[in-house]
Amino acid sequence: MQKMLFRVFTLSLLVLVSAPAFAQKLKFGPRFGVAASGIQAEELMIKDLNDVDALRLELQNASPEAQLGVFGRLQILGFYVQPEALLTTSSAEFLVEDLQNGGTELLKERYYNLEVPLMAGVKLGPLRAQAGPVYHMNLGNASDFTTLDGFSRRFRDSAVGFQAGAGLDLGKKIVLDVKYELDMNGVRDEVTVFGQSHPVSQQGGRLIGSVGFSF
């Protein structure tokens, strides 16, 4: 998946850099965005080695995702292609209840990712309609779960999704986009305890808003 992401993004950059003579417009610049959290988790009941309920795990809060990166857009004959490269970060808090000894603990995780959407669309005046795939690469995580005895945490290394939405160009410099993303992998993160693996979170549908400034 990482090789595929690299090839797609490299091809997009080559298209932008080597814009053909019939290209009507080329835009590029920084982009900032916020996405609703796509982290979903059902309440988990974790059993010990004797098959007795030991822990209860519940998602308490998931922060919006912050995005920072660059975008480019090549417009040709009313159509355009718009690759982006975005560094993103978000966090989530989980309530862990000890069912055997009593007590609760709030554990936090933070996620860092690289997202590469490759959008294609049509433009009518200042309005745009667009859709395309997006690749996610895990860059790192910080998890409080590692402080619990017997726990281990596994995060998926990469994922693929699909985005669709609309955009608005304000003048020649400001680019606004609103998109909705669906996860296409169905791959879950996992927490392992007492030798048993349990799904903890899954990237679900999410709404994304962003603003870019073109040169």
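Below, each value reflects all heavy atoms present in this structure, side chains not excepted, and no hydrogens, waters or symmetry copies.
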| said: Quick one, S143 with E109, criterion side chain to side chain donor-acceptor pair (under 3.5 Å). Give me CA distance, side-chain angles, the key distance, then yes/no. | reply: CA-CA 4 Å; S143 176; E109 292 187 326; 2.8 Å; yes
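- Here CG of L95 is found 6.0 Å from CD of E58. Values are rounded to the nearest 0.5 Å.
- Distance check: L68 CG to S210 OG gives 12.0 Å after rounding to the nearest 0.5 Å.
- Remark: K123 NZ is packed, more than 12 non-hydrogen atoms of other residues, nucleotides or ligands lying under 6.0 Å away.
- Atom CD of residue Q67 and atom OG1 of residue T88 lie 6.5 Å apart, to the nearest 0.5 angstrom.
- Comment: R128 engages D177 in a salt bridge, judged by a side-chain N to carboxylate O separation of less than 4.0 angstrom.
- Under the rule for a ring pair (Phe, Tyr, Trp, His ring centres under 6.0 Å), Y80 has no partner lying at least two apart in sequence or in another chain.
- Contact detail for F71 and G212: the closest heavy-atom pair is CE2-CA, 4.1 Å.
- Taking CD of Q82 as the start and CG of L74 as the end, the distance is 11.0 Å to the nearest 0.5 Å.
- Cluster membership for V134 and V160, using ILVMFWY side-chain heavy atoms within less than 4.5 angstrom, is not shared.
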**Q.** Stepwise salt bridge (charged side-chain N to carboxylate O under 4.0 Å, His left out) test for R73 and E84
**A.** CA-CA 9 Å; R73 186 199 303 165; E84 307 170 20; over 6 Å; no
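- Of all non-hydrogen atoms in A166 and Q130, the two that sit nearest each other are O-NE2, 4.1 Å.
- Looking at every heavy atom in both residues, A92 comes nearest to Y111 through CB-OH, 3.7 Å.
- Salt bridge status for R206 with E115: present, with a side-chain N to carboxylate O gap under 4.0 Å.
- Using a 4.5 Å heavy-atom threshold, the side chains of L99 and M45 count as touching.
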Open item on the list: Could you go through V178 and L207, starting from their C-alpha distance and side-chain angles, then the distance that decides it, and tell me whether this counts as side chain to side chain contact (heavy atoms under 4.5 Å, CB included)?
Closed with: CA-CA 7 Å; V178 176; L207 187 65; 4.0 Å; yes
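- Other residues, nucleotides and ligands place more than 12 heavy atoms under 6.0 Å from the CG atom of L170.
- Both L107 and L59 sit in one connected hydrophobic cluster of ILVMFWY residues. Membership requires side-chain heavy atoms under 4.5 Å apart, directly or through other members.
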- Applying salt bridge (charged side-chain N to carboxylate O under 4.0 Å, His left out), run through R56 and D98 and close with a yes or a no. CA-CA 7 Å; R56 183 175 70 88; D98 189 334; over 6 Å; no
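- Donor-acceptor pairing under 3.5 Å is lacking for the side chains of S63 and S90.
- A distance of 9.0 Å separates CG in N138 from OG in S158, rounded to the nearest 0.5 Å.
- Using a 3.5 Å distance cut-off with no hydrogens or angles, the side chains of T89 and R110 do pair a donor with an acceptor.
- A donor-acceptor contact closer than 3.5 angstrom links the side chains of E181 and Q163.
- Tracing side-chain contacts under 4.5 Å through hydrophobic residues (I, L, V, M, F, W, Y), one never reaches Y180 starting from L168; they form parts of separate clusters.
- Note: D169 CG to I174 CD1 = 10.0 Å, rounded to the nearest 0.5 Å.
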Inset, instruction - Would you sort out whether L106 and V96 count as a side chain to side chain contact (heavy atoms under 4.5 Å, CB included), showing the intermediate values? - result: CA-CA 6 Å; L106 196 62; V96 179; over 6 Å; no
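- With ring centers used as reference points, F28 lies under 6.0 Å from F215.
- Hydrophobic clustering (side-chain heavy atoms under 4.5 Å, transitive across Ile, Leu, Val, Met, Phe, Trp, Tyr) keeps V175 apart from F32.
- The hydrophobic cluster containing V211 also contains L127, counting ILVMFWY residues as joined when their side-chain heavy atoms lie under 4.5 angstrom apart, directly or transitively.
- With 3.5 Å as the limit, one finds no donor-acceptor pair spanning the side chains of T104 and E97.
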